[in-house]
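None of the values given here were measured: they were computed from a predicted structure.
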Amino acid sequence: MGTFKDLEVFQLALQYAKSVYQITQPFPSTEQFGLTNQMRRAAIAIPSSIAEGSARRTATDRKHFVDIALGSLNESHAQLILAVELGYMSQEKLGEAERFIEKLKSKLFAYHKSIKSRPKTSNF
């Protein structure tokens, strides 16, 4: 049996978080505790929620954490749009990110749909 690290959706989410770090690297230092921090936190929340949810015992709980990951992805997307509006990144870079966001969103929906109840194996 694999772990959350083996999930393709986790790997994609991790890749997305890394890309947000790269995108925010050249942001002004005045944004270090503002938009930069907020964007990174939202992006980090996506793979973190997948990992945390994978340890939950019920399908309902696991699906809830996928929903949280989807919310964080949307939050991150909105922040990328704001970064373009503020002139911190290009529209082209946003387009690249949006293509990846759609792919990740699709994988999150598929993962959510695939979660089933686990058979009882112990009396915890």
Where do [X] and [Y] come nearest, in terms of heavy atoms and distance?
X	Y	result
Q79	A42	OE1-CB, 3.6 Å
A17	P47	CB-CG, 4.4 Å
K5	Q11	O-NE2, 2.6 Å
V66	L108	CG1-O, 3.5 Å
L35	E31	N-OE1, 2.9 Å
I50	A13	CD1-CB, 3.8 Å

How far does [atom1] of [X] sit from [atom2] of [Y], to the nearest 0.5 angstrom?
X	Y	atom1	atom2	value
S19	Q15	OG	CD	7.5 Å
T58	K63	OG1	NZ	10.0 Å
H64	H112	NE2	NE2	10.0 Å
I23	M89	CD1	CE	4.5 Å

Is it true that [X] and [Y] fall in one hydrophobic cluster, defined by side-chain heavy atoms closer than 4.5 Å?
X	Y	answer
I101	I68	no
I115	F65	no
I44	I46	no
L14	F100	yes
L12	F4	yes

*asked:* Run V84 and Y88 through side chain to side chain contact (heavy atoms under 4.5 Å, CB included) and show every step you take.
replied: CA-CA 6 Å; V84 170; Y88 297 158; over 6 Å; no
*Determine whether the side chains of S76 and Y16 contain a donor N or O and an acceptor N or O closer than 3.5 Å.*
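Indeed, the side chains of S76 and Y16 share at least one donor-acceptor pair under 3.5 Å.
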Do [X] and [Y] come within less than 4.5 Å of each other through their side chains, counting heavy atoms only?
X	Y	answer
F27	Q32	no
E75	Q38	yes
F109	L70	yes

Is [X] reaching over with its side chain to a backbone N or O of [Y], donor-acceptor style, under 3.5 angstrom?
X	Y	result
T24	V20	yes
S48	A45	no
D6	T3	yes
R62	R57	yes

*Provide the full list of salt bridge (charged side-chain N to carboxylate O under 4.0 Å, His left out) pairs with a residue in residues 34-55, sequence neighbours left out, each pair given once.*
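Residue pairs with at least one partner in residues 34-55: E52-R56.
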*Neighbour count above 12 (heavy atom, 6.0 Å) for K93 NZ*: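 No, the 6.0 Å shell around NZ holds no more than 12 heavy atoms from other groups.
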*asked:* Could you check whether atom NZ of K107 has more than 12 heavy atoms from other residues, nucleotides or ligands sitting under 6.0 Å from it?
replied: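 Count not over threshold, so no.
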